[in-house]
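Structure first, commentary second.
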Amino acid sequence: MSETLPASLALDLTRVTEAGAIAAARWLGRGDKLAADRAAVDAMRDALEACPISGKVVIGEGEKDEAPMLYIGEEVGCGGPEVDIAVDPLEGTTLTAKGQPNALATFAISPRGTMFNPGPAVYMEKLAGAYDIADLLSLDKPIAEVLSAIAERRGMPVSELCVIVLDRDRHQEQIGQIRAAGARVRLISDGDVAGSLLAVRPGSGIDLLWGVGGTPEGVLSAAAIRSVGGRIIGRLWPRNDEERAAILAAGLDPERLLDTHDLVSSSDTFFAATGVSNGDLVPGVVFAPTYAETSTWLLRGICQSQRIVSTTLHLEGRLKRIPGSGY
């Protein structure tokens, strides 16, 4: 696709994530992550009906027989530029169910054929960091060596570095190595898209994201990082021999290092993340008797722009028509 995607798409995508966030926020702290996720999916799919794109879901809720909406391969939009879509209607379903911070509704697009399709690869090992240390990132060197190089580049001791890691049993050995090198670890229960963005965002207090997390989240993160700057690298992580065989059968190489441009090959990206609950990136949804307020981090890759969009939606207007919103 030679022409750039129109700038006007930015607000259309914001409307999609706003819808998902408001619907999911109705379930904050109610202990039902499936209902929260379903509400976000329904609302975002409904909002996409009016989105001026010809979109194809590359990263979505799963295969068609598992997901009635926003499934991989589904075509959405009311007509317009042909784009690939990566969507996680509710990043942090457990966070939402427990009423915890950093739940997001996320959505990204890029020109058709530019997003990596992970096929059967559910997980990948990932490392993300800001633009000033992008050349130092490595999944082949010991993490202590990588941390030492980053500290030297930034002119600080390793003890001042902080690595964000999903709190999973599979990470215990590497967490020990990070701490043994002298760095601090911030453990998160969910949400490694937000973790990747914190790692590349100056002033966040996070220097790196490391860990084995979802491959779809890696593609979403790459779409955002194409706008913010920085780098994410990854390698597919088969969970067993059967999954490795399926990955190979799909023509994918589990040994290949995937760089940011491999995950999303175009810089002509849009990424939107609307807060469901309050978090490090954006505030969550605020409800009032007659309206709801949302905050969205909106990124555009072609011009490297970042915006925070604050929106008030009145109950007599669009909010009333959002599925799952309680109205």
Quick check: does any side chain N or O of [X] sit under 3.5 Å from a backbone N or O of [Y], one acting as donor and the other as acceptor?
X	Y	value
Asp262	Asp259	yes
Ser295	Ser310	no
Ser148	Ala144	no
Arg184	Glu160	yes
Thr215	Val122	yes
Ser54	Gly80	yes
His261	Ser266	no
Glu91	Asp192	yes
Gln304	Arg226	yes
Asp12	Pro52	no

Quiz item: Could Arg201 and Trp297 be counted as a cation-pi pair, given that NZ or CZ must be under 6.0 Å from the ring centre and within 45° of the axis?
Solution: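 Yes, a cation-pi geometry.
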Least distance between heavy atoms, [X] atom then [Y] atom:
X	Y	result
Leu161	Leu147	CD1-O, 3.4 Å
Leu137	Gly129	CD1-N, 3.6 Å
Leu298	Ala10	CD2-CB, 3.6 Å
Asp32	Ala97	N-CB, 3.9 Å
Ile232	Gly218	CD1-O, 4.2 Å
Val57	Tyr71	CB-O, 3.3 Å

Quiz item: Run the side chain to side chain contact (heavy atoms under 4.5 Å, CB included) check on Thr260 and Ile233 step by step: do they pass?
Solution: CA-CA 6 Å; Thr260 313; Ile233 59 175; 5.6 Å; no
Quiz item: Can you check side chain to side chain contact (heavy atoms under 4.5 Å, CB included) on Leu90 and Trp27, steps first, answer last?
Solution: CA-CA 11 Å; Leu90 183 54; Trp27 293 92; over 6 Å; no
Do [X] and [Y] land in one hydrophobic cluster if side-chain heavy atoms of ILVMFWY residues count as linked below 4.5 Å?
X	Y	answer
Leu220	Val228	yes
Ile143	Met156	yes
Val219	Leu257	no
Trp210	Val158	yes
Tyr291	Val309	no

Contact between [X] and [Y] at the side-chain level, heavy atoms closer than 4.5 Å - yes or no?
X	Y	answer
Leu208	Ile150	yes
Val163	Leu209	no
Arg179	Val185	yes
Phe270	Leu299	no
Ile59	Val87	no
Val83	Arg112	no
Arg239	Tyr123	yes
Ile85	Val58	no

Take atom [atom1] of [X] as the centre, draw a 6.0 Å sphere, and report whether it contains more than 12 heavy atoms from other residues, nucleotides or ligands.
X	atom1	result
Arg30	CZ	no
Arg154	CZ	yes
Asp241	CG	no
Glu152	CD	no

Practice problem: Check the pair Asp280 / Arg186 against salt bridge (charged side-chain N to carboxylate O under 4.0 Å, His left out), numbers first and verdict last. | Solution: CA-CA 13 Å; Asp280 296 290; Arg186 175 176 168 181; 2.7 Å; yes
Does [X] come within less than 4.0 Å of [Y], counting only side-chain N to carboxylate O?
X	Y	answer
Arg235	Asp140	yes
Arg153	Asp135	yes
Lys56	Asp84	no

Quiz prompt | Spacing of Leu166 atom CG and Leu187 atom CG [to the nearest 0.5 Å] | solution =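 It comes to 9.0 Å.
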Exercise. Start with the C-alpha gap between Arg38 and Glu61, add the side-chain angles, then the distance that decides, and say whether salt bridge (charged side-chain N to carboxylate O under 4.0 Å, His left out) holds.
Key: CA-CA 10 Å; Arg38 184 168 57 250; Glu61 291 294 282; over 6 Å; no
Quiz item: With no hydrogens and no angle check, do the side chains of Thr17 and Thr274 hold a donor and an acceptor under 3.5 Å apart?
Solution: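 Yes, because at least one side-chain N or O of Thr17 sits under 3.5 Å from a partner of the opposite role on Thr274.
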Self-check item: side chain to side chain contact (heavy atoms under 4.5 Å, CB included) assessment of Leu258 paired with Phe116
Solution: CA-CA 10 Å; Leu258 297 166; Phe116 176 72; 4.0 Å; yes
Exercise. For side chain to side chain contact (heavy atoms under 4.5 Å, CB included), just list the numbers for Asp167 and Gln172, CA-CA rounded to whole Å, side-chain angles, deciding distance to a tenth of an Å, and then say yes or no.
Key: CA-CA 8 Å; Asp167 190 3; Gln172 291 310 305; 4.2 Å; yes
Practice problem: Apply salt bridge (charged side-chain N to carboxylate O under 4.0 Å, His left out) to Lys126 and Glu217, showing your working. | Solution: CA-CA 10 Å; Lys126 296 175 248 186; Glu217 287 81 359; 5.0 Å; no
Quiz item: Step by step, would you call Glu18 with Thr311 a side-chain hydrogen bond (donor to acceptor under 3.5 Å, both in side chains)?
Solution: CA-CA 9 Å; Glu18 287 170 352; Thr311 306; 2.6 Å; yes
